[in-house]
*Asks:* 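Below are the structure tokens for one structure; questions will follow.
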Amino acid sequence: MIPLQYYLLLAGILFAIGAYGIMTLSNGIRLLMCVELMLNAANMNLIAFSTHINDASGQVFALFSIALAAAEAAVGFAIILMVYRLRAKIDIENIKLLRW
Amino acid sequence: MMDPNLTTIDFRMYAHWIVLLPMIGFLLELLIGKYWWRKGGMFATLSIFGSMIISYGCLYNVYVQHLGFWEYSWPWFYDGIVAGFVVDPLSLAMVCMVSFVSFFIHFYAIGYMSHDCAKNVYFAETALFTGSMFGLVLANNLLQLFIFWEMVGVCSYLLIGFWWHKPEAAAAGKKAWMSCAVGDCLFLLGIAMMYTIMVKQGITSEIISFNAIFQNLEHLSHEALFGVSALTIICILFMCGVLGKSAGFPLHVWIPDAMEGPTTVSALIHAATMVTAGVYLIARAFPIFLAAPNALMIVAFMGAFTALYASTLGLVVNDLKRIFAYSTISQLGYMIAILGCGAVLGVASVAYALFHLVAHAFFKALLFLSSGSVLHGIGNIRDIKEMGGLLKGMRWTGYAMLAGALALIAFPLTAGYYSKDRIIEDAYIYATHGGDLGYMVWIFLVLGVILTATYTFRAWYLAMTGEPRSYPAIHPHECGFWMKTTLVVLSFFAIFLGIITGGGKDFWHFLEETFVHETHTATGIYPGLNLHEIAHLGGNTLMHHGAHPPSWVIYLPLLLMIAGLAIATTVYYKNRIDVSKYVKKDNPLYQILWNKYYLDYLFKDIIAEKIIMTVFTFWDVLDRYVIDGVVNLLSWITIQSGQVSRKLQTGIVQNYATAVIFGVSMLMILVIMIRGG
Amino acid sequence: MVDYTALLPEGLLIVTAAIVLLAGLFITQKKILGYITLVGLLASLGLILKDWNLTATFDSAPFYGAIVVDPFSQIFGAMFLIVGVLVAIAALKAYGDNPRQDEFYSMMLLATVGMMVVAMSKDLLALFIGFELASISTYALAGFDKRDPKSIEAALKYFLIGGLSSSLMVFGISYIYGLTGSTNIDTIASVFGANPGLAATPAILLAMVMLIAGFGFKMAFVPFHMWAPDTYEGAPSIVSALLAAGSKKMGFAAAFRLFIVGLVAMKVDWYIAFMILAVVTMTVGNILAVVQTSVKRMLAYSSIAHAGYIAVVFVVVAYWNAPDSAVNLAVTGGLMHAFSHAIGKAAAFIAVAAIAYMILSKDKVDDPNHVENYDGLGKRAPMTAFLFALLLCSLAGIPPLFGFTSKFVLFLSTIEAGLLGLAIICVLNSALSVYYYAKVVMRMYWGEPKGEAFVESSTYTFVLAIAVIALIVLFFAPGDMVYQWAETAAHAVTGV
Amino acid sequence: MTLGESFEMIVFAVLAVVLIFTAIMVVASKEIVHSALYLLGAFAAVAMLYILSNAAFVGIVQIFVYIGAIGILVLFAVMLTTREVGG
Amino acid sequence: MGLITILMLVLLAGAILSLLTKTTAQARGVALVSSFGALAISILMYLTYDANFNTITNYAFEESGTWMPSIGIGYHVGVDGISLPMVLLATIVCALCAIYSWSEGKRPNQYFALLLLMDLTLIGVFVSLDFFMFYVFWELTLLPMFFLIGIWGGPRKDYSAIKFLIYTHIASVLMMLGIFALYYFHGASTGFYTFDIPTLVNAYKDGILPISQYWLDFIFITIMFGFMVKMPSVPFHTWLPDAHVEAPTIGSIILAGVLLKMGGYGLFRVLLPMMGVASTWFIYLIALFGLMSILYSPFAALAQKDLKKLVAFSSIGHMGFISLGVAASVLAGMDPARVVAHTGAMFQMFSHGIITCVLFGCCGVIEHHTHTRIIDDLGGLTKKMPKLAILMVAGFFASLGLPLCSGFVAEFGILSGSYHTMPIFVILAAISIPFTAGYHLWAVQRTLFGPYNEYLGDVKEIKWYEFTPLAIWVIIFVILGIYPAPIIDMMQTTTEYFLLSGDILPIGGIHVPPGGAVPW
């Protein structure tokens with residue numbers, strides 16, 4: 001039995017990497033990947049807790065989370081493709097028509 | 001008291017109509033005067049004539065029929081403030097004089113103002129003035145007196161500025177008001193204090209009416225403010241009002257400027273009636289002054305000083321009307337001074353002051369009207385240096401002015417002789433009882449005599465005799481019927497008033513009954529006052545009858561008058577002495593006099609323009625940049641902080657994500673800190 | 001047999017969405033779909049209003065207690081549906097000729113369902129699902145004008161920050177789940193109640209912070225707000241209406257559900273954190289709104305400021321000294337303000353849409369939302385301008401509109417709780433907000449018109465008129481009904 | 001610590017290292033296609049971890065959905081938005 | 001439905017109808033009918049007013065109904081001897097303003113609608129006996145004025161309108177907090193939550209609120225702040241000159257004539273009963289605000305170049321007398337004097353409301369006919385406009401406190417009634433009189449007198465529709481100056497009830513412990 005803390009730590013690290021990526025990267029798709037990493041980290045937490053306290057609802061939650069992440073990703077890529085179609089690139093640092 | 005056998009109208013019951021009639025005249029003149037009856041003048045004159053009839057009716061009731069003094073009032077506003085009228089010798093003397101003089105000046109003005117296009121406005125204003133003056137005189141309480149006191153001030157302002165298109169006239173009106181306002185605000189404060197101490201005494205009905213105050217003087221004299229007797233402070237505040245209205249030093253500066261108004265106005269308001277309101281106030285409130293320690297001393301000294309001070313200025317002025325204006329200030333000083341002597345003389349001083357007031361009204365009105373006639377005749381030239389030899393062209397005017405001048409310098413047997421010399425004699429009696437300051441009062445008054453004679457006849461000689469010194473003065477034209485009539489009537493009284501009244505004695509005896517006799521009201525009787533007791537409250541001791549000054553004192557004024565007359569004759573008629581080498585700009589004494597002791601300079605250039613305008617400018621800066629600045633600064637800060645912080649919204653989505661993560665971190669730190677703390 | 005009638009409003013919407021999607025495949029005259037949507041929304045709204053003072057409990061056993069139907073869910077449901085109705089009517093005009101309008105309507109309906117589910121949820125799972133359903137639909141809606149780079153940019157930003165915050169949310173939920181062993185809100189609350197020490201563990205604190213961030217994204221709390229102005233500005237105006245009025249209120253529904261119950265149970269000193277959040281949010285929203293030149297962006301910032309006002313509810317709830325009456329009053333006020341703000345802000349965005357439409361039809365301008373283009377609107381489009389001005393008054397909290405009443409009640413609670421400083425900051429902020437609303441009104445009423453009069457769209461005018469009349473009517477008599485409803489809802493959610 | 005536990009521990013450690021490495025590479029890799037592939041690796045590692053912690057079903061779903069759907073979607077998007085490799 | 005409701009409905013109907021009209025004549029017709037109808041109703045109320053209704057629980061023409069019972073908001077209106085004159089004032093001023101704007105050609109329908117709305121909201125403030133209503137109307141007065149300034153205003157209208165709006169709005173929202181606290185603490189202690197003004201104020205006064213002095217003071221000071229800004233009192237006055245300068249003439253007239261009176265009215269209706277319970281140094285603070293305004297206004301006025309701004313500053317000074325009178329009259333002292341001060345302060349509200357209309361009306365006429373208000377550019381207007389000159393002189397004299405005009409009655413009452421409790425304040429206030437006279441005379445002299453400024457061209461005489469309202473105002477203030485009883489008696493009854501019955505203030509006034517007047 002692997003201690004809960006290990007999982008939590010691992011999830012935390014994963015989350016942090018995702019967060020770091022989302023703060024620093026400029027490619028839209030990479031940002032999306034980072035979001036997925038973070039969601040995975042959260043799901044890992046859920047699974048770890050679920051196992052730890054021996055309760056299924058965490059797993060259920062994770063399942064829903066995965067499903068919704070998929071839907072979200074689909075919409076996200078659609079948006080990114082639209083961006084690409086309009087601007088021929090997905091370099092978000094230059095997408096700042098809307099500011100101030 | 002009422003004699004059932006006398007079947008006559010009791011005019012005393014209609015005293016309020018004395019006030020109301022001219023007010024109605026005012027409204028009629030203002031509203032329809034322009035379209036009816038000579039385009040103005042008639043309504044006013046007739047309404048004042050009506051007032052005059054009632055006034056003399058009252059005088060007849062009281063003086064001849066001995067119907068007693070009468071006072072009545074109606075509740076006005078607030079509790080205890082009444083509108084009331086008092087008919088006693090004091091008010092009767094004033095009201096008869098005012099109505100008489102005012103009527104004749106209106107009469108005169110019908111001729112004098114005949115060519116003015118806004119004649120109806122002029123007459124409306126003078127009618128309002130006369131009505132207000134009646135209201136002031138007949139008031140039975142301080143507030144009503146104050147109200148009409150202000151109203152006459154307004155009329156004065158409006159009439160001085162009647163020729164509003166002249167900037168000097170408008171400025172003079174403002175100056176008059178401002179000088180009076182300084183005194184009036186203090187006067188009002190005095191009334192407020194009086195009200196307060198009356199309420200403290202538990203008096204609630206007719207709370208600041210004179211009789212209510214007089215009856216309670218004993219209690220009121222115990223009140224103290226700032227360690228001083230409250231009555232003294234109140235009297236000093238009243239005195240400030242008097243200085244403003246009656247042109248006492250140092251608030252007299254407006255009177256010479258006020259000569260910018262039509263001459264009839266100068267005669268009516270700034271010589272005969274309104275300026276005497278201050279004297280009347282002290283006379284009316286005499287028991288209060290008597291009961292207030294040291295108050296009358298101040299009155300006496302201020303009056304005497306003003307009398308001398310103004311005389312010196314009269315010596316150097318070249319404007320005919322201004323000479324008479326300074327003489328007015330000086331004569332008012334005499335009246336105030338003798339009232340101050342009441343600390344010793346008692347109610348007699350009121351009688352003397354009032355007699356001089358009445359006599360002065362006649363002869364000073366005469367002087368002004370005749371100078372108005374001069375101005376009328378030579379085209380509004382007022383500088384006596386440009387006149388000369390007018391007597392040839394205008395005999396009526398010239399001799400009328402001479403009559404007035406003789407009365408002014410107290411030439412024997414004229415009205416002034418009886419009134420003014422009596423004042424100087426009694427000032428000596430005051431001096432013998434009233435200490436060193438008393439002598440000073442007497443000396444001032446006596447010195448004033450010689451100066452008065454000099455400057456009066458300087459003016460007369462320069463204007464009337466010698467050679468014409470300007471083109472208009474060569475062919476003056478005499479005035480018309482309305483004006484001539486008035487001059488004659490007034491000349492008669494200027495000369496004979498003293499003789500008519502038995503050398504003033506009848507008048508004095510009548511007036512001396514004022515406070516010491518009981519006053520009837522609709523509901524009861526105010527008993528007469530014991531002035532000796534009241535004087536004790538103020539630390540004064542009234543002289544009992546029988547004191548006579550030494551004979552040299554009696555003849556001294558006469559001699560001095562003759563001396564002054566001689567000087568004037570020598571210098572300005574015979575031209576024996578050439579004064580031009582003294583009358584030069586490099587003579588420091590002349591310069592001081594010419595600049596009116598720099599008082600105008602002090603008030604206008606230093607206080608008004610330098611100090612007050614600087615303060616106002618500073619105030620504007622304060623308002624604009626400090627108080628409003630704070631408001632605007634706050635809005636500026638808000639907008640600027642918005643402008644700065646909107647730059648954080650970079651539009652780059654990673655930064656937004658960073659903000660989210662940053663927010664989470666900060667919140668976490670915050671929460672842990674709170675928990676740790 | 002379980003009685004599912006209480007879920008009929010939501011079911012009806014889902015059915016309508018399906019009908020709209022399917023019918024869209026076959027019908028050429030697609031405008032009909034808008035009317036179908038409208039009928040569905042109105043029917044659903046009618047069903048909710050019919051039972052507005054619902055007392056019978058809904059048997060949620062088949063959902064394992066995950067959803068409830070209580071006054072709280074009802075009032076939020078009504079709110080979302082009203083916003084939906086307003087947006088749907090406006091869409092009849094805005095997208096009446098658009099060949100993809102079936103997508104618009106169906107996504108809008110699904111978003112509304114998602115929001116309603118959030119309001120009904122008693123379980124974090126249901127809450128999460130509803131949240132995501134609404135989010136994903138609105139991501140797509142924000143980019144609905146796919147030829148408009150601004151719309152796409154808006155959608156992109158919304159989506160990315162949304163994804164980030166939903167992962168934060170799940171992360172937070174996972175901790176709460178792990179430490180309490182349940183995702184049911186009532187259970188969580190009772191666990192906290194039983195173990196006072198638990199609430200103070202760092203993991204729970206972190207979880208709370210992450211949940212605040214997750215919900216705060218929707219509610220547009222500073223500093224999780226930064227997507228909001230951009231998205232509201234870039235998205236089609238009627239979508240902005242849905243976002244600002246509906247989606248944002250969903251964040252509040254979720255936050256009320258979770259935080260109020262949690263905070264009441266936790267007895268931990270959260271109030272300073274919330275106070276800072278609320279104060280910063282309203283101040284930043286207002287100050288930035290002051291300097292905006294685009295009316296739409298100004299409305300976006302004002303929306304943030306309003307989020308700050310409603311956040312006052314959490315402060316009061318978290319404040320240990322606040323009496324129960326104050327807590328209830330705060331939640332009541334929060335609900336009322338959410339209600340009035342939903343109507344007002346939705347209509348305001350629709351008004352902006354209407355005005356932009358008119359301006360684009362007549363004037364050649366780059367940015368129809370720029371405030372300079374509003375010059376003289378009072379003459380060019382009198383009805384629209386008048387109604388818009390009244391809506392701004394409602395947002396500013398000026399009587400006689402419901403926005404005033406709701407703000408009045410909300411701020412009243414701060415004084416009841418004894419939070420004087422907060423109250424002063426709130427009212428000063430509210431006063432500051434008058435500035436930028438007034439500037440628009442000034443432009444409309446005493447700016448010089450830049451062209452001839454517009455032809456006003458009756459559809460838009462109708463929507464605005466409905467909203468304004470509703471706000472005015474609610475200010476007068478039936479305001480008390482809303483108050484009572486909100487109060488029952490507050491009782492339902494606070495339990496005190 | 002039993003043998004099974006030790007084994008579990010070793011597997012966990014390996015997976016953790018793989019996961020962290022791939023995650024870092026997702027962020028750090030220059031080529032976006034590589035990033036996408038690393039992401040798939042990370043998903044796989046996570047799925048293994050699920051299975052390791054007795055949540056086999058979730059693990060399988062993770063593989064199906066994440067690797068099968070999302071991963072492919074990512075690759076697809078990368079291909080569509082990249083004119084040539086290195087974009 | 002009572003008279004008050006009918007009065008408000010008449011105005012509301014007028015406002016809506018007027019908005020729907022097309023031409024000036026129609027709008028004006030509606031406005032005249034409606035505003036004079038309102039005037040007739042208020043006169044009817046005045047004539048049938050029974051002073052015996054004057055107790056704190058029993059107002060004349062009282063109406064009450066429920067509105068939002070859940071939080072204790074009700075429809076409660078009524079008048080007493082202080083609010084009825086204010087209602088009368090509002091209707092008189094607005095009705096005459098409708099005549100004054102006879103030829104308004106710019107957006108007449110909105111103009112007259114806003115005028116009627118203004119009337120309605122002002123009356124609403126004066127008759128409300130429920131804090132919610134009171135506050136609603138209080139806020140609503142901002143809107144018509146904001147639009148009046150904005151649409152019909154001068155060149156800097158944007159700045160002025162927004163400053164007016166924000167400044168006074170900030171004050172009122174802070175006041176709202178005080179009301180909240182009052183409401184809550186009353187509800188918490190009695191279990192009966194209500195916004196009813198008499199109930200709340202009574203509760204505060206009777207000390208049944210279970211709260212510390214800190215909260216009592218908080219309630220007092222926030223409410224006071226709201227009123228002081230509205231009055232406006234120095235140093236919170238800077239919105240007023242700006243608003244006046246840019247406002248159209250009737251905007252200024254209503255602003256100075258009636259709107260400022262809201263602050264004074266609040267002082268009587270709300271703050272007065274509280275003075276006995278809040279810290280006593282607040283009373284001195286109110287007096288100090290009054291004194292500051294009195295002393296400040298002439299100094300600031302004299303520095304102005306704009307005639308209207310000068311008049312605006314005069315309003316500040318006159319409103320200061322109200323604060324001074326109220327503060328002085330509540331302190332322990334001699335009852336007759338207190339009554340006089342208090343009645344004077346009340347009368348000052350009415351009197352200033354009438355007088356200032358003439359001043360601003362004249363400014364408006366001058367601006368309308370000469371197209372300038374800068375004093376230096378004017379001069380000798382009497383030549384071209386003698387009728388205006390008479391009215392303006394009358395107005396300015398009344399404003400500087402001339403006897404036989406209503407202002408004097410009020411100021412005399414305040415000064416002499418206040419002397420016994422606040423001698424130093426009164427002495428300082430009296431010092432302002434010459435300065436006040438000074439700037440009024442200065443303005444008159446520079447505007448009306450002196451040589452005519454030919455640069456102004458051929459200026460026409462005042463129009464009849466400008467002359468008539470101004471003349472009526474002049475007649476009113478002169479009549480009230482000579483015979484103030486019609487208004488002042490009503491006020492005096494109320495004052496005696498306020499001060500002497502013990503229901504509102506402690507009998508004999510509020511005792512300030514020696515040295516306890518100020519906290520330091």
Side-chain angles (χ1 to χ4, degrees), chain C residues 323 325-326 329 332-333 378-379 382 386 389-390 393 396-401 404-405 407-409 411-418 420 423-424 426-439 441-447 474-487, chain E residues 19 66-71 73 75 107 110 121 124 131-133 135-140 142-143 146-147 149-153 157-159 161-185 187-188 191 193 195 211 214-215 218-219 222:
Chain C
S325 64
L329 191 71
T332 311
K379 273 194 187 132
F386 181 64
L390 284 177
C393 282
I398 289 174
L401 292 143
F404 171 76
T405 318
K407 220 181 235 185
F408 191 84
V409 176
F411 291 167
L412 179 56
S413 70
T414 59
I415 289 288
E416 281 214 31
L420 193 51
I424 290 173
C426 282
V427 294
L428 287 182
N429 262 296
S430 173
L432 174 60
S433 74
V434 173
Y435 177 75
Y436 51 82
Y437 298 124
K439 277 219 308 202
V441 174
M442 282 157 66
R443 287 273 184 183
M444 291 200 297
Y445 278 96
W446 56 85
L474 284 176
F475 173 80
F476 292 105
D480 198 46
M481 211 167 72
V482 176
Y483 180 87
Q484 285 171 16
W485 196 2
E487 198 179 28
Chain E
L19 202 57
T66 55
W67 184 353
M68 287 184 65
S70 306
I71 41 176
I73 294 170
Y75 177 80
R107 307 201 205 173
Q110 296 173 12
T121 51
F131 265 124
F132 185 79
M133 273 180 77
Y135 185 77
V136 163
F137 282 119
W138 181 278
E139 284 287 64
L140 267 181
L142 298 181
L143 286 190
F146 174 69
F147 281 102
I149 296 174
I151 300 180
W152 292 271
K157 59 194 178 184
D158 284 17
Y159 171 76
I162 204 106
K163 188 174 181 181
F164 163 73
L165 187 68
I166 302 293
Y167 205 135
T168 55
H169 183 68
I170 286 179
S172 29
V173 291
L174 287 174
M175 179 178 85
M176 184 172 78
L177 292 186
I179 295 172
F180 283 167
L182 192 54
Y183 164 81
Y184 166 63
F185 291 123
Y193 286 90
F195 276 103
I211 46 176
Y214 169 77
W215 276 104
F218 169 78
I219 292 170
T222 44

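Treat the numbers as computed from the prediction; the structure is a model and nothing was measured. Each chain gets a letter, A, B and so on, in the order the sequences are listed, and its residues count up from 1.
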*Asks:* Heavy-atom pairs under 4.5 Å with chain C: which of E:Gln110, E:Glu139, E:Arg107 has the most?
*Replies:*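 Heavy-atom pairs under 4.5 Å are most numerous for E:Arg107.
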
*Asks:* What I'd like to find out is whether the side chain of C:Pro399 reaches to under 4.5 Å of the side chain of E:Tyr135, using heavy atoms alone.
*Replies:*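 A side-chain contact is absent here, since even the closest heavy-atom pair is not under 4.5 Å.
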
*Asks:* Is E:Tyr167 close to chain C through its backbone or its side chain, or both, or neither, when contacts mean heavy atoms under 4.5 Å?
*Replies:*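 For E:Tyr167, there is no contact with chain C at all, as no heavy atom is under 4.5 Å.
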
*Asks:* So which part of C:Ile398 gets closer than 4.5 Å to some heavy atom of chain E, the side chain, the backbone, both or neither?
*Replies:*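 The side chain, not the backbone.
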
*Asks:* Among C:Leu329, C:Val441, C:Leu412, who wins on heavy-atom pairs under 4.5 Å with chain E?
*Replies:*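 Most heavy-atom pairs under 4.5 Å with chain E: C:Leu412.
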
*Asks:* So for C:Lys379, is it side chain, backbone, both, or neither that comes closer than 4.5 Å to the heavy atoms of chain E?
*Replies:*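 When you check distances to chain E, only side chain atoms of C:Lys379 fall under 4.5 Å.
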
*Asks:* Please report the closest heavy-atom contact between C:Pro323 and E:Tyr184, naming both atoms and the distance.
*Replies:* CG-OH, 3.3 Å

*Asks:* Check whether more than 12 heavy atoms from other residues, nucleotides or ligands sit under 6.0 Å from atom OH of C:Tyr445, and answer yes or no.
*Replies:*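 Enclosed: over 12 neighbouring heavy atoms sit under 6.0 Å from OH of C:Tyr445.
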
*Asks:* Kindly indicate whether the side chain of E:Phe180, heavy atoms from C-beta on, has any atom under 4.5 Å from the side chain of C:Thr414.
*Replies:*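 In short, these two side chains do not touch, never coming nearer than 4.5 Å.
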
*Asks:* State the CE-CE distance between C:Met481 and E:Met68, to the nearest 0.5 angstrom.
*Replies:* 11.5 Å

*Asks:* How about C:Leu420 and E:Tyr214: do any of their side-chain heavy atoms sit closer than 4.5 Å?
*Replies:* yes

*Asks:* Could you look at E:Phe146 and say if it's the side chain, the backbone, both or neither that has a heavy atom under 4.5 Å from chain C?
*Replies:* both

*Asks:* Do you know which of E:Ile170, E:Thr66, E:Ile162, E:Ile179 has the most heavy-atom pairs with chain C at a distance under 4.5 angstrom?
*Replies:*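 Between E:Ile170, E:Thr66, E:Ile162, E:Ile179, the count favours E:Ile162.
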
*Asks:* Contact part of C:Cys393 toward chain E, heavy-atom cut-off under 4.5 Å: side chain, backbone, both or neither?
*Replies:* side chain

*Asks:* Does any heavy atom of chain E fall under 4.5 Å from the side chain of C:Tyr483, the backbone, both, or neither of them?
*Replies:*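 Only the side chain of C:Tyr483 comes within 4.5 Å of chain E.
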
*Asks:* What part of E:Leu143 lies closer than 4.5 angstrom to a heavy atom of chain C: side chain, backbone, both or neither?
*Replies:* side chain

*Asks:* Could you tell me which non-hydrogen atom of E:His169 sits nearest to which non-hydrogen atom of C:Ser430, and how far apart they are?
*Replies:* NE2-O, 4.3 Å

*Asks:* Measure distances from C:Phe404 to the heavy atoms of chain E and classify the residue's part below 4.5 Å as side chain, backbone, both or neither.
*Replies:* side chain

*Asks:* Just how far is it from atom CD1 of E:Ile166 to atom CG of C:Leu428, taken to the nearest 0.5 Å?
*Replies:* 11.5 Å

*Asks:* In sequence, state the C-alpha distance, the side-chain angles, and the governing distance for E:Trp67 and C:Phe475, and then conclude on side-chain contact (heavy atoms from CB on, under 4.5 Å).
*Replies:* CA-CA 10 Å; E:Trp67 184 353; C:Phe475 173 80; 3.5 Å; yes

*Asks:* For the candidates E:Ile73, E:Ile71, E:Leu142, E:Leu174, which exhibits the highest count of non-hydrogen atom pairs separated by less than 4.5 Å from chain C?
*Replies:*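 Between E:Ile73, E:Ile71, E:Leu142, E:Leu174, the count favours E:Ile71.
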
*Asks:* With a 4.5 angstrom heavy-atom cut-off, is it the side chain or the backbone of E:Phe147 that approaches chain C, or both, or neither?
*Replies:* both

*Asks:* If you apply the rule side-chain contact (heavy atoms from CB on, under 4.5 Å), what do you find for C:Ile415 with E:Tyr183, and how did you get there?
*Replies:* CA-CA 10 Å; C:Ile415 289 288; E:Tyr183 164 81; over 6 Å; no

*Asks:* Measure E:Ala161 against the heavy atoms of chain C and call it side chain, backbone, both or neither at under 4.5 Å.
*Replies:* side chain

*Asks:* Relative to chain C, which segment of E:Trp152 carries a heavy atom at a distance below 4.5 Å: side chain, backbone, both, or neither?
*Replies:* neither

*Asks:* Using side-chain heavy atoms (C-beta onward) and a distance below 4.5 Å, is C:Tyr435 in contact with E:Leu165?
*Replies:*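 Result no, sub-4.5 Å side-chain heavy-atom pair not found.
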
*Asks:* Ring centroid separation for C:Phe408 and E:Phe195, is it under 6.0 angstrom?
*Replies:*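 Yes, they do, as the ring centres are separated by less than 6.0 Å.
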
*Asks:* Which atom pair, heavy atoms only, marks the closest approach of E:Tyr193 to C:Ser325?
*Replies:* OH-OG, 4.2 Å

